[in-house]
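The chains referred to below are lettered A, B, ... by the order of the sequence lines, with proteins before strands, and numbering in each begins at 1. Predicted model, so just to flag it, every value in this text is computed and none were measured.
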Number of protein chains: 2
Amino acid sequence: MTRSEAFSQQPASRRIAQALRTAIERGELSAGAKLPSERALAEEYGAARNTAREAIRLLAEQGLVTAKHGRGVFVREPQRLFRFGSDRYSLKNRETGLTPFRLEAKRQGKTARIDVLGITREVPSPDIAERLKIRDDQETVVHRKNHYFADDEPVQIVSTYLRWDEAQGTLLMQPKAGPHGIYGRLEELGHVMTRVRDEISARMPTPEEARLLGLPPGVPVLEVLHTSLDQDLEPFEVSRYVHRADRTGLLYELPVE
Amino acid sequence: MTRSEAFSQQPASRRIAQALRTAIERGELSAGAKLPSERALAEEYGAARNTAREAIRLLAEQGLVTAKHGRGVFVREPQRLFRFGSDRYSLKNRETGLTPFRLEAKRQGKTARIDVLGITREVPSPDIAERLKIRDDQETVVHRKNHYFADDEPVQIVSTYLRWDEAQGTLLMQPKAGPHGIYGRLEELGHVMTRVRDEISARMPTPEEARLLGLPPGVPVLEVLHTSLDQDLEPFEVSRYVHRADRTGLLYELPVE
DNA sequence: AAGTGGTCTAGACCACCTG
DNA sequence: AGGTGGTCTAGACCACTTA
């Protein structure tokens with residue numbers, strides 16, 4: 001290790017990472033380009049392979065590159081955001097008969113696919129119970145768990161929770177809930193959606209989520225806890241959306257009251 | 001390594017990580033608790049220290065633990081979300097004379113501090129120019145860059161962009177923009193905020209952001225690109241908020257139109 | 001001084017992918 | 001078959017924290 005001057009007090013792995021980062025930002029390594037192999041980097045910088053590997057890990061952690069086993073390390077493609085507008089709940093958009101996801105996909109020229117992972121009856125977790133205003137801790141809910149794909153790429157996982165006494169024996173218990181999806185059925189039950197409340201957070205995925213969403217390391221998820229309020233401002237539906245953050249943007253446009 | 005059955009085809013590092021994850025989820029290792037040292041884990045599982053280290057890296061990547069140099073590895077404290085309601089732009093909240101951030105901090109019983117990182121004149125980037133409806137690529141904007149703290153902990157970095165011809169020579173060029181902050185001055189200029197548009201995304205921080213926000217590895221950021229629209233639905237202010245995701249939740253409540 | 005994590009070396013074998 | 005990343009070993013020294 002030369003470390004000839006005060007030039008770099010930094011660890012070698014960081015210097016290698018910095019050099020690569022600069023090359024990426026300058027466009028010398030453009031999106032999709034392959035980085036030199038770990039062994040090549042190690043030799044170039046006179047370091048052990050593990051040190052070059054650590055440099056690549058730093059870049060992956062920043063979301064700049066992704067490693068493909070057996071192929072190489074590649075500069076990540078720029079984000080193509082799949083936007084979910086706040087008007088996805090809008091009544092006028094439901095006149096098409098499409099569910100919000102299918103409508104958004106169609107707008108963007110993508111094919112939509114929805115896998116039903118399960119429809120079960122269960123005791124809700126405290127955060128769900130609170131938002132559905134369920135106070136009796138014996139009361140159960142219906143949990144509909146779905147997996148959404150756009151152009152066959154996984155985009156989001158959604159868990160929807162409804163009161164058991166309302167859903168019991170209706171199409172709300174079936175994979176295909178009929179025209180306009182579950183909101184159509186809920187409207188027939190007397191719940192007109194008049195306001196929505198979305199609570200948004202971001203975090204790293206659990207291993208389970210990483211698997212379901214096909215997430216490479218270093219990609220966070222956006223979590224939206226959504227509550228629908230009816231004409232009496234009573235909650236009648238709560239959903240938890242988990243989106244892969246590198247393909248999702250959320251857009252909210254609202255009046256200042 | 002016993003590997004007595006098909007019990008675990010997984011790498012040793014993942015098995016160690018899984019064991020620790022289970023202990024955390026069961027509460028055997030509660031929030032703030034110290035994990036066994038890397039050397040202790042290595043011995044316990046009959047692995048090299050680097051392997052135990054890799055296990056801890058996996059947990060850190062999932063946001064479960066944080067390493068403190070020279071002290072140990074600790075289970076991360078649960079998130080204390082600092083909520084920014086959609087009503088933070090609300091007119092009625094401005095009657096206090098407080099800026100939105102100071103108001104929100106006060107509500108939560110925290111002290112607010114705002115560092116001004118710079119107020120400069122510059123040519124806007126394309127995404128800012130587009131949202132401010134600036135089409136002449138010579139036209140400049142004022143860029144106010146601030147750093148916000150709650151209880152002296154960094155919470156967000158905010159860049160606010162205003163038209164140069166409106167801000168020039170006014171309090172909008174000063175660190176202290178006067179009563180009600182910049183929105184007070186903009187209202188005097190004839191811009192009544194009637195709608196807002198927030199575009200939300202999440203990603204891993206740049207090294208610069210990690211430094212400014214004091215982010216441990218494995219914590220993503222929430223980015224909000226905010227546009228204020230006036231009574232003519234013309235944009236008059238654009239801001240880019242960068243929040244640390246482990247302390248920030250966003251709440252939007254809006255009517256379904 | 002002792003213990004902790006941070007970095008690094010110089011190997012090794014395995015799993016995956018491409019020619 | 002040969003190259004790539006994925007995992008692992010058994011050491012070493014450094015930087016930081018605590019007692």
A.B. asks: Please state whether the phosphate of C:dT7, meaning OP1 or OP2, lies under 4.0 angstrom from any side-chain nitrogen or oxygen of A:Thr51.
C.D. replies: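 False: A:Thr51 side-chain N/O out of range (4.0 Å or more) of C:dT7 OP1/OP2.
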A.B. asks: Please report the distance, rounded to the nearest Å, between CD1 in B:Ile56 and P in C:dT7.
C.D. replies: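 So the two atoms are 14 Å apart, to the nearest Å.
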A.B. asks: Take atom CZ of B:Phe74 and atom C1' of C:dT4, then tell me their distance rounded to the nearest Å.
C.D. replies: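 My rounded result for the distance is 9 Å.
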A.B. asks: Can you tell which of B:Thr160, B:Thr120, B:Val158, B:Ile157 makes a side-chain contact (heavy atoms from CB on, under 4.5 Å) with B:Lys145?
C.D. replies: B:Ile157
A.B. asks: Taking only the side-chain nitrogens and oxygens of B:Arg14, find out if one of them lies under 4.0 Å from OP1 or OP2 of D:dG6.
C.D. replies: no
A.B. asks: Salt bridge or not between B:Glu43 and B:Arg39? Use side-chain N to carboxylate O under 4.0 Å.
C.D. replies: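 No.
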A.B. asks: A:Glu54 has an atom CD; how far is it from atom C1' of C:dT9, in whole Å?
C.D. replies: 14 Å
A.B. asks: With the side chain counted from C-beta on, respond yes when A:Asn50 and A:Glu54 share a heavy-atom pair under 4.5 Å apart, and no when they do not.
C.D. replies: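 Of all side-chain heavy-atom pairs linking A:Glu54 with A:Asn50, none is under 4.5 Å.
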A.B. asks: OP1 or OP2 of D:dG3 sitting under 4.0 Å from any side-chain N/O of A:Ser37?
C.D. replies: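 Checking D:dG3 against A:Ser37, no side-chain N or O comes under 4.0 Å of OP1 or OP2.
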A.B. asks: Among D:dT9, C:dC8, D:dG5, find the nucleotide with the atom closest to the side chain of A:Glu38.
C.D. replies: D:dG5
A.B. asks: Return the value, rounded to whole Å, for the distance between atom CZ of B:Arg57 and atom P of D:dG6.
C.D. replies: 10 Å
A.B. asks: Sugar-phosphate means primed atoms, P, OP1 and OP2; the rest is base. With that split, encode nucleotides 11-19 of chain C 5' to 3' as B, S or - using protein heavy atoms under 4.0 Å.
C.D. replies: -B--BBSS-
A.B. asks: Any non-hydrogen side-chain atom of B:Ile119 less than 4.5 Å from a side-chain atom of B:Pro175?
C.D. replies: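 Touching, per the 4.5 Å side-chain cut-off.
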A.B. asks: Once you round it to whole Å, what is the distance between C1' of D:dT7 and CD1 of B:Ile16?
C.D. replies: 12 Å
A.B. asks: Write down the distance between CD (A:Gln10) and P (D:dA15), rounded to a whole number of angstrom.
C.D. replies: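 Distance check: A:Gln10 CD to D:dA15 P gives 14 Å.
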A.B. asks: Given C:dG5, D:dC8, C:dC8, identify the nucleotide with an atom nearest to the side chain of A:Ser13.
C.D. replies: C:dC8
A.B. asks: Cut-off 3.5 Å, no hydrogens considered: what does the side-chain donor-acceptor table look like for residues 217-226 of chain B, sequence neighbours left out?
C.D. replies:
from, atom 1, to, atom 2, distance (Å)
B:Glu223, OE1, B:Arg203, NE, 2.9
B:Glu223, OE1, B:Arg203, NH2, 2.7
B:Glu223, OE2, B:Arg240, NH1, 2.9

A.B. asks: Taking the side chain as C-beta and beyond, is there a heavy-atom pair between A:Pro207 and B:Arg21 under 4.5 Å?
C.D. replies: yes
A.B. asks: Can you tell me how far P of D:dC8 sits from CD of B:Glu43, to the nearest Å?
C.D. replies: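 B:Glu43 atom CD is separated from D:dC8 atom P by 18 Å.
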A.B. asks: Do B:Gln156 and B:Thr248 have side chains that get closer than 4.5 Å, going by heavy atoms?
C.D. replies: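 Answer no - side chains too far apart.
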A.B. asks: Figure out the CZ/C1' separation between A:Arg53 and D:dT9, and round it to whole Å.
C.D. replies: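 Rounding to the nearest Å, CZ of A:Arg53 and C1' of D:dT9 are 15 Å apart.
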